[in-house]
Amino acid sequence: MSLSWISQDLPQPFDAERVANAFERWNALGDRPAFESLASKIGDIASDPQSKAVLAALFGNSPYLTNLCLRDPDIVCEVFESGLDHAFATALDPVRQSADARDLDQATTMSTVRKAKRRAALVIAMADICKAWPLDKVTSAISETAETTLDFTMAHCLCAMARQRKYDLPNPQNPLEGSGIFAIGMGKLGAGELNYSSDIDLIFLYDQDIVTYLDEDRLQQDLVRMVRDITRVMEERTGDGYVFRTDLRLRPDPASTPPILSMIAAETYYETVGQNWERAAMIKARIVGGDQAAGNEFLEILRPFVWRKHLDFLAIQDIHSIKRQINAHKGGSKINIPGHNIKLGRGGIREIEFFAQTQQLIWGGREVALRGKATCDTLRALTKFGQVSEEVRDEMLAAYEFLRTVEHRLQMINDQQTQTLPDTDDGLRALATFLGYATLDAFKDHLLLHLRNVENNYAELFEDDTPLTGDSTTGNLVFTGTEDDPDTLANLREMGFENAENVSVTVRGWHHGRYRATRSRRAREILTELMPTLLGALSKTTNPDMAFRAFDEFLKGLPAGVQLFSLFTAHPELLELLAQIAGTAPRMAKYIGRNASVLDFVLMSGFHEELPDADSMLAELDARLSREDMVEDWLDVARRWANDQKFQIDVQTIQNRQTPHEAGRALADVADVAIRALFPRIADDFAAKHGTFADGGLAVFALGKHGGQELSPGSDLDMVFIYDVPEEAEESDGEKPLSPGHYFIRLSQRYINALSAPTAEGVLFETDLRLRPSGSKGPLATHFKSFEAYQNNEAWTWEHMALTRLRPVYGPQSLCDKVIATTMAVLRKERDPDQLVRAVYDMRNRMEAGKGDNHPWAIKMRRGGLVDLEFIAQYLQLRHAHDHADILSPTTRDVFKRLGTAGILENDEAEFLANAGSFWLALQAMLRLTTEGPFDPARASTDLQQMLARAGKCDDFASLQDKIEITATRIKTIYDRIIADPAEKISPPETTQ
């Protein structure tokens, strides 16, 4: 056999010692019984100058190929005796007939395919190193090896499933034919361009109309198990090595679908949420295993998805936006050769492939000649079509062949799936030697030439595209396909994202249409455009990873995306605001996700200015409500208006534009205005059917934080409804008259529903009526005389404490005046000091036993927190109002100031307690805006810590934590002095009043 196929410029051995050792082992092979018949051939190969030079090139540069030669010397002998083509065919002969796998057990199958693969790999490597085969034949042979072993493995696993009487094989003599189960080869396998140590990208599908299964309910489950068996046979490492690593992530939405899908499921996915990068991936799709007829039928069904009949403007826009995410530089930029990724890095193989595929995707629908799978063939076709010049074509073809050869040598060294160049000079010299270069500098010069040519030609494709974010983008932000782009990960880390891989995976999930907001193609296209701006905004927060997670939660809650994403495109400042909220107030971000329309309100003039007063807000809401006629419309209008106001207040609070004390009053104003605007309309609507009472009416009073105008975000409205009618009134004067009690109870229920019933616009305010006379067992609305009698004769001490915060909100002025007069009289009653202090003390202890929480950040319930503070204020009002009526106020801060003025508290202590109340309310408001569940300082972002420190008027978070402990300790000390110590000296009464 002639050895003329051996190149005259074979690579020189890099490691002479390894060569000597390997030849010593090679020569000893003839003494082993297994190779006794080959002894003379083994000796001849080692002594012939040409064949010896080939082995020296393998032994001196590749430990992996050395081991293959020493393990299978018979295939080496076959190469030198019968030639490369015959040896390659011989290597695959044992697996060429898939039907031969029908009766094999799994262990034998695994051994058979592994042996075939390693022998074929050795032949291919020798052909490549000796330059006997051109690149396309090398990559085609690797691809054929993958297909043949996969087909054999699928036949074995399918027959194994059939033997368990689970599957009815249509053709037992040829198991795969007509089976309805097939594997689509994607990427380089589909194109017949596999690299030496490549994994194989596969999509497994089955034709639901062909597969006949004995137990339909277990079909999917057993097919999944079969696919897992196939992948295990292919990729599990044993003493015989492995066949090919498999990657199933190119299937539709891999994070949420099984390893094998029905054709109809896959078809539905591609028709509804298939992306343009998936169209590009499908260009190379080819049936590489299983039922060829069923598989090709599926690819034909998919052809309109891949190849659009007409130029698709939105698809072109999407492709351009993907291109613009990539930081392409034309010349001059530095490429650092050590550690450079020749596949994914600048000027690499991926850029050549993308250069071809994007143009195929745009023009292939019209020009059938552009639908080829092989990269080099596509480049030639693009030149014929007039899209690529001959010069560019030749440069890209030369670079592709060179870089693929470098890739093969890299992988041959130790059979590693790597495209990254060594990061040391010694490693680079070894690679350069294996490639046939005499010096490292010669290799570097050649490499840089090709990388620079690709980089420049690739950048030409971008020259008409303006960057998405101007100069702010410093690197790639590419989220197409299923692999993480290394440059993108590096750029994300540079931007401040610690878990760059999570960001990359999550963004790809958005592009898969996993959320409702990203299911439409247009939404995904706009989101692609927005990505650099969005990530740039999130990166400016102090904890970009937390901000990103919060934005993901926001996106998950959106019902739709196109309108909002378009708004972000037109107004990037909204993204900046949303990023700030996501980074500091994820609870608010979730709210925006459910109520995205509030972002429109941000764009209105005055959003960042001083909040309007209650009268101005009432005039605005009245004007809006007057344009509607239906109750349902009133409720929606009021909710939209109030949600806008609350959002404005919340944003201004986290941006430190107003104090939480001012925000609490503003939130109370919003609640008051909503009540004053809505309730008259609800009452008129109710009266249309049931009439009214002459000289009668219903009044609404606020209690608790609403009464004190100290509302926090998310606070309920504590309310009480009181009505009054003339004594002689028996029923209302309407078409359907009601007695006074029934009338006002039903009207009160209408009022409550107006506030708390959920509509399409959400809830206006949650309400709490447990502070009404007789509590939850009492009627919703109370007659004035009953209220008066109850407060004077039956109410418990804690109910009088709550009464200190009663404030009129809406109703007839005369009735409001009467209720306030009664309340003042009750609060100013002279009380037994001992019974009072003991009752207050016992009530606080019962709260401690039932709801106590001494976590340092339990602002309300911890000892020395808000409850202790409010108990001091309410106790002192009940204790001293008889002599000092002017100390009475619904607002706790004002109470302490008045107690100081009256001399009941020392001025410095009164000032401390007033400020402590504002301090606690400020922290509570900020925590409610920014956190869900108990606050954990260790997990709080720096931004949030700074916001809390600002709210607490401290220089930093450590100072804030000190202030919390100091404040709580002093409040508890005052509470003990004023309430606990005196109360403990008094025996508890049998009944606390």
Side-chain angles (χ1 to χ4, degrees), residues 1 3 5-6 10-84 86-95 110-130 132 138 141-142 145 149 196-197 237-244 408-417 430-431 433-434:
M1 178 70 186
L3 299 182
W5 50 269
I6 299 175
L10 284 170
Q12 294 301 305
F14 181 73
D15 190 327
E17 184 179 342
R18 223 165 42 209
V19 174
N21 178 265
F23 269 115
E24 185 177 332
R25 294 171 64 194
W26 171 263
N27 289 322
L29 288 174
D31 298 331
R32 294 170 56 181
F35 305 123
E36 196 172 0
S37 61
L38 299 174
S40 62
K41 294 179 182 178
I42 289 173
D44 290 344
I45 290 170
S47 59
D48 180 86
Q50 283 186 287
S51 55
K52 182 177 183 180
V54 173
L55 290 189
L58 271 60
F59 294 164
N61 294 295
S62 169
Y64 170 67
L65 294 177
T66 301
N67 288 334
L68 291 190
C69 289
L70 297 174
R71 182 164 193 168
D72 293 301
D74 56 325
I75 201 69
V76 178
C77 294
E78 186 74 24
V79 168
F80 290 118
E81 183 176 13
S82 304
L84 291 162
H86 186 272
F88 177 69
T90 300
L92 291 184
D93 275 346
V95 295
M110 292 177 73
S111 175
T112 302
V113 291
R114 277 157 179 72
K115 184 176 180 181
K117 188 267 176 150
R118 87 173 172 253
R119 290 160 68 86
L122 178 54
V123 176
I124 294 167
M126 293 174 72
D128 193 0
I129 291 167
C130 293
V138 170
I142 300 169
T145 304
T149 52
Y196 193 75
S197 294
R237 289 185 179 273
T238 71
D240 291 312
Y242 71 103
V243 193
F244 284 90
H408 287 170
R409 294 296 184 279
L410 267 174
Q411 296 177 348
M412 285 176 186
I413 294 171
N414 285 305
D415 188 30
Q416 292 179 323
Q417 187 192 7
L431 176 62
T433 301
F434 198 12

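Note that the CD atom of Glu78 and the CG atom of Leu84 stand 11.0 Å from one another [nearest 0.5 Å]. Here the NZ atom belonging to Lys117 is positioned 8.5 Å from the OG1 atom belonging to Thr149, to the nearest 0.5 angstrom. Interatomic distance, CG of Asp44 versus SG of Cys77, reported as 9.0 Å (0.5 Å rounding). Rounding to the nearest 0.5 Å places CZ of Phe434 at 6.5 Å from CG of Leu58. Between the CG atom in Leu65 and the CG atom in Leu55 there is a gap of 11.0 Å [rounded to 0.5 Å]. To the nearest 0.5 angstrom, Leu92 atom CG is 4.5 Å from Thr145 atom OG1.
Using a distance-only test at 3.5 Å, with no hydrogens or angles considered, no donor-acceptor pair links the side chain of Ser82 to the main chain of Val79. When atom types are taken as modelled, the side chain of Asp48 and the backbone of Gln50 share a donor-acceptor pair closer than 3.5 angstrom. No donor-acceptor pair under 3.5 Å is formed between the side chain of Asn21 and the backbone N or O of Glu17. Side chain of Tyr196 to main chain of Ala121: a donor-acceptor pair is present (N/O by atom type, distance under 3.5 Å, no hydrogens or angles).
Looking at every heavy atom in both residues, Ser197 comes nearest to Gln416 through CB-O, 3.6 Å. Taking all atoms of both residues into account, the shortest heavy-atom contact from Asn27 to Ala46 is OD1-CB, 3.3 Å. For Gly60 against Pro13, the heavy-atom pair with the smallest separation is CA-CB, 3.8 Å. Residue Arg118 comes nearest to Leu68 through the heavy atom pair O-CD1, 3.7 Å, listed as atom of the first residue, atom of the second, then distance. The two residues Leu122 and Val76 have their closest heavy-atom pair at CD2-CG2, 3.7 Å. A pairwise comparison of heavy atoms in Ile413 and Pro63 identifies O-CD, 3.1 Å as the closest pair.
Met110 places none of its side-chain heavy atoms less than 4.5 Å from the side chain of Val243. Contact of the Cys130 side chain with the Leu10 side chain is registered, since non-hydrogen atoms from C-beta on lie closer than 4.5 Å.
Pairs passing the side-chain hydrogen bond (donor to acceptor under 3.5 Å, both in side chains) check and including a residue from residues 32-43, sequence neighbours excluded, read Lys41-Glu81. Contacts classified as side-chain hydrogen bond (donor to acceptor under 3.5 Å, both in side chains) and involving residues 52-71 (residues at least two apart or in different chains) are given here: Arg71-Asp240.
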Assess the residue pair His408 and Ile129 against the criterion (side-chain contact (heavy atoms from CB on, under 4.5 Å)); give the C-alpha distance rounded to whole Å, side-chain angles, the decisive distance to 0.1 Å, and a yes or no. CA-CA 10 Å; His408 287 170; Ile129 291 167; over 6 Å; no
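We find that Asp74 and Arg119 are joined by a salt bridge, their nearest charged nitrogen and carboxylate oxygen being less than 4.0 Å apart.
Classified by interplanar angle (parallel below 30°, tilted 30° to 60°, perpendicular above 60°), the ring pair Trp26/Phe59 is tilted.
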